[in-house]
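Throughout, protein chains are lettered first and strands after them, A, B, ... in sequence-line order, and every chain is numbered starting at 1.
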Amino acid sequence: MSHELPKTYDPGLIESRWAEYWVAEKLFSVATPEPGSQEAQKPIFTLLLPPPNVTGRLHMGHMLNQTEMDVIIRWRRMRGFVTLWLPGTDHAGIATQMMVERQLASEGKTRQGLGREAFLQRVWDWKKHYGGAIQAQMKRLGASVDWDREYFTMDENLSRAVTEVFVRLHEQGLIYRGMYIVNWCPRCMTAISDLEVVHEDFAGKLYQFRYPLADDPRQFVTIATTRPETMLGDTAVAVNPADKRYENLVGRKLRLPLMEREIPIIADEFADPQFGSGAVKVTPAHDPNDFQIGLRHGLAQINIMDEQARINENGGPYKGLDRYEAREKVLRDMESLGLFAGIKDHAHAIGKCDRCKTIVEPRLSTQWFIKIQPLADRAIEAVEKGEITFTPENYAKTYFEWMRNIHDWCISRQLWWGHRIPAWHCQCGEITVARATPDKCPKCGSTKLEQDNDVLDTWFSSGLLPFTVFGWPEKTRDLDVFYPTTLLITGFDILFFWVARMIMLGCHFMAGHPKGSVPFHNVYIHALVRDADRQKMSKTKGNVIDPIEVTEKYGTDAVRFTLASMASPGTDIAFSESRTDGYRAFANKIWNAARFMFMNLDRVSGASLTVGATENQLNKLENRWIYSRFHRIAGEVNQSLADYRFDEAANTIYKFFWGEFCDWYLEIIKPSLSGPPQEARDALRFLGDVFEGSLRMLSPFMPFLTEEIWHAMYDGKPPEKSIALARYPEVDQCWLNDQAEEQMIVLQDLIEKVRNMRAEMKVEPKVKTPIKFHAASDIRALVMENRAMVERLAGVNGIEFAETSLAQVAGSRSTPKFEVALVYEQKVDVAAERERLTKELAKLQTEMANAERQLGNEQFLAKAPAKVVEGIRRRQSELQELIEKGKTSLSKLG
RNA sequence: GGGCGAUUAGCUCAGCUGGUUAGAGCGCCUGCCUUACAAGCAGGAGGUCCACGGUUCGAGUCCGUGAUCGCCCACCA
């Protein structure tokens, strides 16, 4: 029997192999538990993957997101939950359409030239290609999702559910169609929602114009605007009713220059007397405020732009000009008319299309909307009542802020790629919303019906996923069992786009669900992954780190561990490869520890890896100690994961495995391993036991490496098909051993002090030296018992126990528990030693002063907890002694 | 215009409800190929915890003000 691992750790080799194995064996596919079955008794843990867009490849943010989800889901799985992690992709309407259009453009084609049908075929081809790429990448990252349940937001069943939701909302009066001012992207040629507009500060200009009175061209009213071209569509000028300056003008007419039409001066509260001249031009078709004013005063709405923001026939001589060309011409023309009244700098924000960064134009158009208030009310309540919690908690605030100031949601898009709106138009003007194409118009009976050309906002369908993925509107067992999902892990960038919408729609459509209507119970919001210089990654900056590339370079396990160890809540992650390099070294460390174990296993006759040990077998301190440490950190790691503290969990394991297990335990047991066969076999049993447990503890973070070693440990016959199906370690109180841990600390301290003295005195590493040791009897007994360990690890060849203090021996070291000195003929470096001692003494004295000040303070003694006071007292007496010894040593140096 | 977050070692970040000596990785210095691992081992240097004020017996931690940086939200021309 032999346990083979290649000499060098090559992550690429082992990772692709296990990635394929997990998928092929369907290890993470979940059958819906049958009622009454054993599975049905287990707690359920459901996780929905935020579906990546099919626009391209996964980026670092996806990898962070998926690493966190995978760590949690693997941990829960190993803790005995029925764990379902549902993967999928999003059709991402506007984004995907843009990509395909760009692709077409490079071939000299256009979407319009191709026609709707052929264009959609092109998009489906694109989806097939990129959807597959995303799937392959996820597999490579080790995401333990249930591939059998993979979804795409435009799958037939999901599309049917979208239609059903639309129809029901319409029936409930929560969807309406109407002509309003919407955000219009002239490049994408579609309406977009408020959320899809990004505001950017802009150093703009404020232009002032004079509009002459119709009946007295010598008199003017001065107005100001940042968008001069919109004056072509002005239908009034408004002043504040309380503004005395304009009292006499209200009701009179102005002559709108350039367009030469008369427009009224009206009184409206909106006009702010403090701003500019106090008079404001009103363009109901091109400004949301003006639109409202127009409604209040029954003003005409003159739309002066086409869908590409070029001036249309309503703009008279300006027809055909682009909006900015028109702006220039309007300015010139007003100036030549002598009606230009000034220009000044005006910093304001402009809205840009989230997708293409084109400046958005407020435009009057007919769109479909969701009446959002009723949905928002319930969504607010769900979080207020704690049905949903946020981690970090802070995000609840942001959520409330948005939810409480919500506006109706424009859901129609003038795109081709997406879920087509289930409404049919008849020539008679009737619009029928229905689940399927109606036979005839219910009003006029015509059979010439045409489906609405618009599609739905992408987020409309993704907002439904928490219930549609389980088969809604059918009453399925999946819905009973898996809804509500347990946890949502996502980025803050889609808090409103997606999280908020899921809550509103989930609560609405799942109202009355026996396990609660909310789509999930907890939302964990993770940070942004930035580059090493904290810059946002972006294609234009060229600082995008491709997860697959970095994974190929360092191994998936190392990258996963990097992300996990840096994922502390609330702060962005500055991803630096140097950190990843460090974790690859950690993976390598684990690998070599395994090789070390296997090497001994193969060497010692009759040795086998019997997992499990009983307490009475732990007759050696190092074993009592390592078992205690293992269980203690197992408790800590479980707690950290329960709190979504991936960083704490990862760092705890890292420190344990490297700093304790490898640096100390393995070194301590080496003599036993090469000792008599029985002793070696015993040592190997404990070693294997702790190692195996450590692998299980590490497995959610480094699934590939741990899988590889775990299988090798069991010589290809593991108790489960995968370490991912084994139990996660938990703290077992009976193994915790405070005494063993305290004793080890003393021994470690002693060994380190001796090593330090040897280094300072420049003792050749190969030369062994004796030491003198002075301590209380219990410490002395401890050192006696573990004499071999101390001698070996400290490079010592004899311990002389001294009855008196060693403080005056040059180069000696004093601690509260012991004093130790090297027996070495070479002279100590007096100057260096004096410097060291002086520094140490100063530190001790500062601390002493602190302690004395506190202990001399009545208030402190009266108010501080006894434990704290007692601690400081004890420390004070220690300090007292250490300072005395330090002084002695220092004076001895001369 | 509102709201939020951050500021701790040269760099990147931990530090949980205030409690004895503020930690890690990388980098740096010194010495080592010691029967797994040089992707390693051992030893070491390095911090006015942004500033000021306050609460408290006690503040990196709580409160205020300011500075610097970052983010989110926002229909005032």
Side-chain angles (χ1 to χ4, degrees), chain A residues 5 7-9 181 183 194 199 206 223-227 230 238 270-272 275-276 279-283 287-292 346 348-349 351 362 392 394-395 397-398 401-402 405 407 492-493 495-496 528 532 534 565-566 568 570-576 578-579 581-600 643 645 647-648 651 654-655 659 662-663 666-667 670 673-674 752 755-760 762 764-766 795 843-844 846-847 850-851 853-854 857-865 867-876 879:
Chain A
L5 280 186
K7 186 162 171 12
T8 43
Y9 164 58
I181 294 277
N183 305 296
D194 293 348
H199 296 272
L206 189 66
I223 55 91
T225 179
T226 52
R227 293 184 292 149
T230 60
F270 174 77
D272 175 5
F275 192 94
V280 57
K281 65 193 261 321
V282 183
T283 323
D287 183 278
N289 290 310
D290 295 2
F291 177 76
Q292 293 300 330
H346 183 66
H348 59 118
N394 217 31
Y395 282 102
K397 258 182 166 170
T398 314
E401 180 69 18
W402 185 77
N405 296 297
H407 298 289
F492 65 84
D493 50 330
L495 180 60
F496 307 135
L528 209 66
R534 306 202 57 76
S565 73
M566 298 188 77
S568 51
T571 43
D572 287 346
I573 294 177
F575 187 87
S576 68
S578 72
R579 192 88 182 238
D581 205 28
Y583 290 123
R584 181 183 52 169
F586 179 49
N588 185 57
K589 187 81 183 172
I590 300 163
W591 182 264
N592 281 294
R595 284 183 53 232
F596 173 75
M597 177 175 69
F598 293 153
M599 187 188 86
N600 281 286
D643 297 337
R645 289 302 304 262
D647 58 331
E648 280 183 1
N651 291 329
Y654 178 94
K655 276 191 239 171
C662 289
D663 288 350
L666 290 186
E667 293 305 324
K670 275 179 181 173
L673 291 174
S674 55
E752 279 166 358
R755 283 170 175 170
N756 173 251
M757 287 187 289
R758 288 172 53 95
E760 301 258 311
K762 302 203 184 333
E764 289 285 323
K766 292 213 166 91
K843 213 172 145 191
L844 290 170
T846 311
E847 205 191 326
N850 251 323
R853 187 172 44 75
Q854 289 191 80
N857 186 329
E858 295 284 329
Q859 297 273 29
F860 173 72
L861 297 176
K863 292 187 181 173
K867 217 176 99 189
V868 173
V869 178
E870 184 45 40
I872 294 185
R873 281 229 169 84
R874 211 169 33 236
R875 181 64 185 162
Q876 188 201 25
L879 285 168

S.K.: Reading RNA chain B from 5' onward, which residue's closest nucleotide shows up sooner: A:E858 or A:A759?
M.R.: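 This one resolves to A:A759.
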S.K.: Which letter, B, S or -, goes with each nucleotide of nucleotides 28-41 of chain B from 5' to 3', with contact meaning a protein heavy atom under 4.0 Å?
M.R.: -----S-SBB-BSS
S.K.: From B:rC75, B:rG19, B:rU21, pick the nucleotide closest to the side chain of A:E847?
M.R.: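 Within the option list, the nearest is B:rU21.
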S.K.: Would you measure the distance from the C1' atom in B:rU65 across to the matching atom in B:rU12 and give it in whole Å?
M.R.: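 About 30 Å, rounded to a whole number of Å.
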S.K.: Without decimals, in angstroms, what is the distance between A:F492 CZ and B:rC72 P?
M.R.: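 In whole Å, B:rC72 P lies 6 Å from A:F492 CZ.
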S.K.: Could you check whether any side-chain N or O of A:N857 sits under 3.5 Å from a backbone N or O of A:R853, counting only pairs where one atom can act as donor and the other as acceptor?
M.R.: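 Absent.
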S.K.: Indicate, with a heavy-atom threshold strictly under 4.0 Å, whether A:R227 touches base, sugar-phosphate, or nothing.
M.R.: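 Answer is nothing: A:R227 stays at 4.0 Å or more from every strand.
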S.K.: Go nucleotide by nucleotide along RNA chain B from the 5' end; which of A:F270 and A:V868 gets its closest nucleotide reached first?
M.R.: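 This one resolves to A:V868.
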S.K.: Between B:rG43, B:rA74, B:rU20, which nucleotide has the shortest distance from any of its atoms to the side chain of A:A349?
M.R.: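 Closest nucleotide to the A:A349 side chain: B:rA74.
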S.K.: I'd like to check the ring pair (Phe, Tyr, Trp, His ring centres under 6.0 Å) partners of A:F596; sequence neighbours left out, ordered by chain and number.
M.R.: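 Ring pair (Phe, Tyr, Trp, His ring centres under 6.0 Å) list for A:F596, sorted by chain: empty.
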S.K.: Classify A:P865 by what it touches in the nucleic acid, base, sugar-phosphate, or nothing, heavy-atom distance under 4.0 Å.
M.R.: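 Base contact - A:P865 has a heavy atom under 4.0 Å of at least one base atom.
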S.K.: For A:D194 and B:rC73, give me the distance from atom CG to atom C1', rounded to whole Å.
M.R.: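 Rounded to the whole Å, the gap is 11 Å.
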S.K.: RNA chain B: stems of at least 3 consecutive Watson-Crick or G-U pairs, cut-off 3.5 Å?
M.R.: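 In RNA chain B, stems of three or more pairs: B:1-7 with B:67-73, B:10-13 with B:23-26, B:28-32 with B:40-44, B:50-54 with B:62-66.
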S.K.: Base, sugar-phosphate alone, or nothing: which one does A:K281 contact when heavy atoms must sit under 4.0 Å apart?
M.R.: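 No contact.
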S.K.: For A:R584, check salt bridge (charged side-chain N to carboxylate O under 4.0 Å, His left out) against everything at least two apart and list the hits.
M.R.: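 If we apply the salt bridge (charged side-chain N to carboxylate O under 4.0 Å, His left out) test to A:R584, skipping adjacent residues, the hits are A:D581.
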S.K.: Taking only the C1' atom of each, what is the distance from B:rA14 to B:rC75 in whole angstrom?
M.R.: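 These two C1' atoms come out 44 Å apart once rounded.
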S.K.: Rounded to whole angstrom, note down the P distance from B:rG19 over to B:rC62.
M.R.: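 It works out to 11 Å between them.
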S.K.: Looking at residues at least two apart in the chain, or sitting in another chain, which of them share a salt bridge (charged side-chain N to carboxylate O under 4.0 Å, His left out) with A:R227?
M.R.: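 Scan of A:R227 (salt bridge (charged side-chain N to carboxylate O under 4.0 Å, His left out), adjacent residues dropped) gives A:D287, A:E361.
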S.K.: Partners of A:H348 by ring pair (Phe, Tyr, Trp, His ring centres under 6.0 Å), sequence neighbours excluded?
M.R.: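 Result, ring pair (Phe, Tyr, Trp, His ring centres under 6.0 Å) vs A:H348: A:F202, A:H346.
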S.K.: Checking A:Y583 now: which residues fulfil ring pair (Phe, Tyr, Trp, His ring centres under 6.0 Å) with it, not counting sequence neighbours?
M.R.: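 For A:Y583, the residues satisfying ring pair (Phe, Tyr, Trp, His ring centres under 6.0 Å) (neighbours in sequence not counted) are A:F561, A:Y654.
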S.K.: A:A271 near the nucleic acid: base, sugar-phosphate alone, or nothing, with a heavy-atom cut-off under 4.0 Å?
M.R.: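 Here A:A271 touches the bases of the nucleic acid.
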S.K.: For A:E401, which contact category applies under a 4.0 Å heavy-atom criterion: base, sugar-phosphate, or nothing?
M.R.: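 No contact.
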S.K.: Over how many whole Å does the gap from A:I181 atom CD1 to B:rC75 atom P extend?
M.R.: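 Value for this atom pair: 13 Å.
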S.K.: How long is the line joining CG of A:L861 and P of B:rU20, in whole Å?
M.R.: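 From A:L861 CG to B:rU20 P: 17 Å.
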S.K.: Indicate whether OP1 or OP2 belonging to B:rC75 is found under 4.0 Å from a side-chain N or O atom of A:H407.
M.R.: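 Answer yes for this pair, as a side-chain N or O of A:H407 is under 4.0 Å from OP1 or OP2.
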S.K.: A:N394 has an atom CG; how far is it from atom P of B:rC73, in whole Å?
M.R.: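 So the CG-P distance, A:N394 to B:rC73, works out to 15 Å.
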S.K.: Which value, in whole Å, describes the distance between the C1' atoms of nucleotides B:rC28 and B:rA51?
M.R.: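 Pairwise C1' distance, B:rC28 against B:rA51, rounds to 30 Å.
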S.K.: Give, for atom CZ of A:F492 and atom CG of A:N394, the distance between the pair rounded to the nearest 0.5 Å.
M.R.: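 With rounding to 0.5 Å, CZ (A:F492) is 12.5 Å from CG (A:N394).
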S.K.: OP1 or OP2 of B:rG25 sitting under 4.0 Å from any side-chain N/O of A:R579?
M.R.: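 No, no such contact exists.
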S.K.: Could you give the distance from CD (A:E760) to CZ (A:R755), rounded to the nearest 0.5 Å?
M.R.: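 Rounded to the nearest 0.5 Å, the CD-CZ separation comes out at 15.0 Å.
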S.K.: For A:A349 and A:H199, which heavy atoms make the closest approach, and how far apart are they?
M.R.: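 Where A:A349 meets A:H199 most closely, the heavy atoms are CB-CB, 4.4 Å.
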S.K.: When the distance from OH of A:Y583 to C1' of B:rC26 is rounded to whole Å, what number comes out?
M.R.: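 Whole-Å distance recorded here is 10 Å.
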S.K.: By side-chain hydrogen bond (donor to acceptor under 3.5 Å, both in side chains), which residues pair with A:E847, not counting sequence neighbours?
M.R.: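 Result, side-chain hydrogen bond (donor to acceptor under 3.5 Å, both in side chains) vs A:E847: A:R875.
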S.K.: Could you list the residues that satisfy salt bridge (charged side-chain N to carboxylate O under 4.0 Å, His left out) with A:E667, not counting sequence neighbours?
M.R.: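 Counting only residues at least two positions away or on another chain, A:E667 forms a salt bridge (charged side-chain N to carboxylate O under 4.0 Å, His left out) with A:K670, A:R792.
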S.K.: Roughly how far, to the nearest 0.5 Å, is CZ of A:F496 from OG1 of A:T398?
M.R.: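 That separation rounds to 6.0 Å.
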S.K.: Strictly below 4.0 Å: does A:N850 bring a side-chain N or O up to OP1 or OP2 of B:rU20?
M.R.: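 No, because none of the side-chain N or O atoms of A:N850 sits under 4.0 Å from OP1 or OP2 of B:rU20.
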S.K.: Quick one: label A:R875 by what it contacts on the DNA or RNA (base, sugar-phosphate, nothing), any heavy atom closer than 4.0 Å.
M.R.: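 It contacts base atoms.
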S.K.: Using the side-chain heavy atoms of A:A864, tell me which of these nucleotides is nearest: B:rG43, B:rG19, B:rA74.
M.R.: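 Comparing B:rG43, B:rG19, B:rA74 against the side chain of A:A864, the answer is B:rG19.
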S.K.: Please pick, from B:rG25, B:rG43, B:rG19, the nucleotide with the shortest atom-to-atom distance to any side-chain atom of A:Y654.
M.R.: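 For the A:Y654 side chain, the nearest candidate turns out to be B:rG25.
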S.K.: Tabulated below should be each protein N or O lying under 3.5 Å from an N or O of nucleotides 62-64 of chain B; please produce it.
M.R.:
none

S.K.: Sticking with atom P, work out how far B:rA42 lies from B:rA24, rounded to a whole angstrom.
M.R.: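 It comes out at 14 Å once rounded to the nearest Å.
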S.K.: Figure out the CD/C1' separation between A:Q292 and B:rC76, and round it to whole Å.
M.R.: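 After rounding, the gap between these two atoms is 14 Å.
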S.K.: Checking all strands, does A:N857 fall into the base, sugar-phosphate, or nothing category for heavy-atom contacts under 4.0 angstrom?
M.R.: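 Counting heavy atoms under 4.0 Å across all strands, the contact made by A:N857 is with sugar-phosphate only.
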S.K.: From B:rC72, B:rC75, B:rG19, pick the nucleotide closest to the side chain of A:F496?
M.R.: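 Ranking B:rC72, B:rC75, B:rG19 by closest atom to the A:F496 side chain puts B:rC72 first.
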S.K.: Side-chain N or O of A:H348 versus OP1/OP2 of B:rA74: is the shortest distance under 4.0 Å?
M.R.: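 For A:H348, the contact criterion (side-chain N or O under 4.0 Å from OP1 or OP2 of B:rA74) is not met.
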S.K.: Select base, sugar-phosphate, or nothing to describe what A:E760 touches, counting heavy atoms under 4.0 Å on all strands.
M.R.: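 A:E760: no heavy atom of the nucleic acid under 4.0 Å.
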S.K.: Can you tell me how far the NZ atom of A:K655 sits from the CG atom of A:N651, to the nearest 0.5 Å?
M.R.: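 Between atom NZ of A:K655 and atom CG of A:N651 there are 6.5 Å.
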S.K.: Considering only the P atoms, how many Å lie between B:rG44 and B:rG23, rounded to the nearest integer?
M.R.: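 Per the computed distance, 14 Å lies between those P atoms.
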S.K.: Over how many whole Å does the gap from A:M566 atom CE to B:rG25 atom C1' extend?
M.R.: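 Result: 9 Å.
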S.K.: When the P atoms of B:rG70 and B:rC29 are compared, how many Å lie between them, rounded to an integer?
M.R.: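 That atom pair is separated by 33 Å.
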S.K.: Identify, with sequence neighbours excluded, every residue that meets side-chain contact (heavy atoms from CB on, under 4.5 Å) alongside A:P288.
M.R.: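 side-chain contact (heavy atoms from CB on, under 4.5 Å) check on A:P288 returns A:I181, A:P362.
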S.K.: How far does the C1' atom of B:rG15 sit from the matching atom of B:rA59, given to the nearest Å?
M.R.: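 After rounding to an integer number of Å, I get 14 Å for this pair.
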S.K.: A:D493: what forms a salt bridge (charged side-chain N to carboxylate O under 4.0 Å, His left out) with it, not counting sequence neighbours?
M.R.: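 Checked A:D493 against salt bridge (charged side-chain N to carboxylate O under 4.0 Å, His left out); zero matches.
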